[in-house]
K.L.:
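Quick one: the structure is below, and I'll ask about it shortly.
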Amino acid sequence: MSLTEMQQVIVSVADKAGASVVGIGRNRRGTGIVISEGKVLTNAHNLRGEQVTVSFPDGRTETGSVSGADLDADLAVVAVDTGDTTPLTWAPNGGVSLGSPVVALANPAGMGLRVTVGFVSGTGRTFRGPRGRAISGSLEHTAPLLPGASGGPVVDVDGQFVGLNTNRLGEGFYLAIPADDELRSAVERLSSGQTSTRPRLGVGVAPAAVARKLRQAVGLPDAEGVLVRMVFDDGPAAAAGIRQGDLITRVGGQALTDPDDLYQVLDGIAPGSVVSVSLLRGVEELSVEVTFGEA
C-alpha cells in the first residue's frame, strides 16, 4: 500500500467511524463508542462513579449514567443522549486475522479524534483485567495509541468495528477485546442493566512467583498458595480476619497454587455462601469461615 493509498484509507475510516468515537470523562481519562442509539460502550476502568461526562466530536457534551458494568471483563455501557450520531458498524464474524491491516481511533476525554494505522500482530492473547482476572482471546495490534485511548475502537479498512482497545502491552502494541458474538452478548446484558455478580473475597493478591520470593526473603519456608498483598476494609476477607501477608492455601477444600485458581473457585461460589478458607500466617496454619456477598 502506497502512502497516498494509506492516507485515503485513514481519511475514509475517519469519515465513516470518527463521529461514533466519543470522549469519556475529563483529563484524558478514556474513549468510548456509540454502539446503539442512546448507548456508549467503553472500558469499566474509565469510569468513576455512576455518572460520566461524554464528549462528542461535534463539541457537544452530555452527562451519561452507567447502565451496566463488569469490572472483571473491563466493560461498561453508558446511557446517554447520542443525538443523531450513527452507531459504529460491527464487522461480520470478527472481521480480521493475523496480519490484517487495522485502524485505531481514540478521542481521549473529548480532546479530539486521533486515527492511527497498524496490523494485527497476534490473536488469542490474555491479559489481566482491573480486578486481576484473566481476559482471554484478545486481539493484539500495532496501531500506536495515546494515553486515554482505551475504550476506543480498532476497525478494519472499511471502518467496521473489530475490537475494543483496552490494554497497552509494552511499547508499540495494544490489546483489544474482539468484537465477536461474546462481546455482543455482553453489551446486550450491560445495556439492559445487568451487572456482574461474581462473589469477591476482598483482597489483592500477588502472583505465585512473587509470593515465593517474598516468603523466602523473610525466611519462611516455600509453600503453595496465594499471597494476600492487601485487604479491603469492606470485604468478606476483612470480616473473617484475613490479614495482609497471609498465604491462602485452600478455599472450600480446593488447593490453590496461583491467583487463577482462586478466581476459578470464586466463580463457583454462590453469593451468600459460608466457605472455609485455609491459610498460613507465617508458619501457623489457620482456618477461617468467610461469608461471601455479591460482587
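For this chain, numbers begin at 1 and follow the sequence in order. What you see is a predicted model; the values in this text were computed from it and never measured.
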K.L.:
Do Ser276 and Ser287 have a side chain donor and acceptor closer than 3.5 Å?
P.N.:
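Yes, side-chain donor-acceptor contact under 3.5 Å.
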K.L.:
Ignoring hydrogens and angles, state whether a donor on the side chain of Asn43 or Thr166 is under 3.5 Å from an acceptor on the partner side chain.
P.N.:
yes
K.L.:
Taking Asp58 for its side chain and Arg60 for its backbone only, find out whether a donor-acceptor pair lies under 3.5 Å.
P.N.:
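Yes, because the side chain of Asp58 sits within donor-acceptor range (under 3.5 Å) of the backbone of Arg60.
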K.L.:
Can you confirm whether Thr249 sits close enough to Leu256 that some side-chain heavy atom of one is under 4.5 Å from a side-chain heavy atom of the other?
P.N.:
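SC-SC contact between Thr249 and Leu256 ruled out.
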K.L.:
Compare every heavy atom of Phe119 with every heavy atom of Pro101, then report the nearest pair and how far apart it is.
P.N.:
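Heavy atoms of Pro101 and Phe119 come nearest at CA-CD2, 3.7 Å.
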K.L.:
Does the side chain of Glu140 come under 3.5 Å of the side chain of Ser121 through a donor N or O and an acceptor N or O?
P.N.:
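Yes - a donor-acceptor pair under 3.5 Å links their side chains.
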K.L.:
Any heavy-atom pair between the side chains of Ile33 and Val22 that's under 4.5 Å?
P.N.:
no
K.L.:
Over all heavy atoms of both residues, which pair between Ser20 and Pro87 is shortest? Give the atoms and the distance, please.
P.N.:
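Looking at all heavy atoms of both residues, the shortest contact is OG-C, 3.7 Å.
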K.L.:
Would you say Arg114's side chain and Pro108's backbone share a donor-acceptor pair under 3.5 angstrom?
P.N.:
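Side chain of Arg114 to backbone of Pro108, a donor-acceptor pair under 3.5 Å: no, none is there.
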K.L.:
I'd like to check Phe292 versus Val275 (side-chain heavy atoms, cut-off strictly below 4.5 Å). Are they in contact?
P.N.:
yes
K.L.:
Flag the pair Ser67 / Leu190 as yes when at least one side-chain heavy-atom distance between them is below 4.5 Å, and no otherwise.
P.N.:
no
K.L.:
Looking at every non-hydrogen atom in both residues, tell me the closest pair between Gly137 and Pro178 and how far apart they are.
P.N.:
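Smallest interatomic distance, heavy atoms only, reads O-CG, 3.2 Å.
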K.L.:
Just by modelled atom types, is the Ile242 backbone N or O under 3.5 Å from a matching donor or acceptor in the Asp246 side chain?
P.N.:
no
K.L.:
Charged N to carboxylate O below 4.0 Å: is that the case for Lys213 and Asp222?
P.N.:
no
K.L.:
Looking only at heavy atoms, which two atoms of Asn107 and Thr31 are closest? And how far apart?
P.N.:
N-OG1, 3.1 Å
K.L.:
Any side-chain heavy atom of Ser100 within less than 4.5 Å of one from Val120?
P.N.:
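Result yes, sub-4.5 Å side-chain heavy-atom pair found.
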K.L.:
Check whether any side-chain N or O of Asp81 sits under 3.5 Å from a backbone N or O of Gly83 as a donor-acceptor pair, and report yes or no.
P.N.:
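Indeed, once roles are kept as given, a pair shorter than 3.5 Å links the two residues.
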K.L.:
Closest heavy-atom contact between Thr142 and Gly118?
P.N.:
OG1-CA, 3.4 Å
K.L.:
Between Arg168 and Ser150, is there a donor-acceptor pair closer than 3.5 Å when you use the side chain of the first and the backbone of the second?
P.N.:
no
K.L.:
Would you say Thr42's side chain and Gly151's backbone share a donor-acceptor pair under 3.5 angstrom?
P.N.:
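Judged by distance alone, no pair lies under 3.5 Å.
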K.L.:
Look at the side chain of Ser12 and the backbone N and O of Gln8, then say whether any donor-acceptor pair between them is shorter than 3.5 Å.
P.N.:
no
K.L.:
For the hydrophobic clusters of this structure (ILVMFWY residues joined by side-chain heavy atoms under 4.5 Å, transitively), does one cluster hold both Leu227 and Leu286?
P.N.:
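Different hydrophobic clusters.
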K.L.:
For the backbone of Ala44 and the side chain of Asp74, can you confirm whether one donor and one acceptor N or O come within less than 3.5 Å of each other?
P.N.:
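Judged by distance alone, yes, a pair lies under 3.5 Å.
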K.L.:
Are Thr82 and Lys39 close enough that some pair of their side-chain heavy atoms sits under 4.5 Å apart?
P.N.:
no
K.L.:
Measuring from atom NE2 of His45 to atom CG of Leu75, what distance do you get when rounded to the nearest 0.5 angstrom?
P.N.:
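With rounding to 0.5 Å, NE2 (His45) is 11.0 Å from CG (Leu75).
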K.L.:
Using modelled atom types only, decide if a donor and an acceptor are shared between the side chain of Arg215 and the backbone of Pro221 within a distance under 3.5 Å.
P.N.:
yes
K.L.:
Give a yes or no on whether the backbone of Gly18 and the side-chain of Asp15 come within a donor-acceptor separation of less than 3.5 Å.
P.N.:
no
K.L.:
Would you name the heavy atoms of Ala76 and Leu47 that are closest together and state the gap between them?
P.N.:
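Taking every non-hydrogen atom into account, CB-CD1, 3.5 Å.
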K.L.:
Start with the C-alpha distance between Leu139 and Tyr174, add both sets of side-chain angles, then the distance that settles side chain to side chain contact (heavy atoms under 4.5 Å, CB included), and finish with yes or no.
P.N.:
CA-CA 8 Å; Leu139 187 74; Tyr174 221 92; over 6 Å; no
K.L.:
Could you check if a side-chain atom of Arg229 sits within less than 4.5 angstrom of a side-chain atom of Leu214, using non-hydrogen atoms only?
P.N.:
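Counting from C-beta outward, Arg229 and Leu214 do come under 4.5 Å.
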K.L.:
Could you walk me through whether Val80 and Val52 pass the side chain to side chain contact (heavy atoms under 4.5 Å, CB included) test, one step at a time?
P.N.:
CA-CA 9 Å; Val80 66; Val52 62; over 6 Å; no
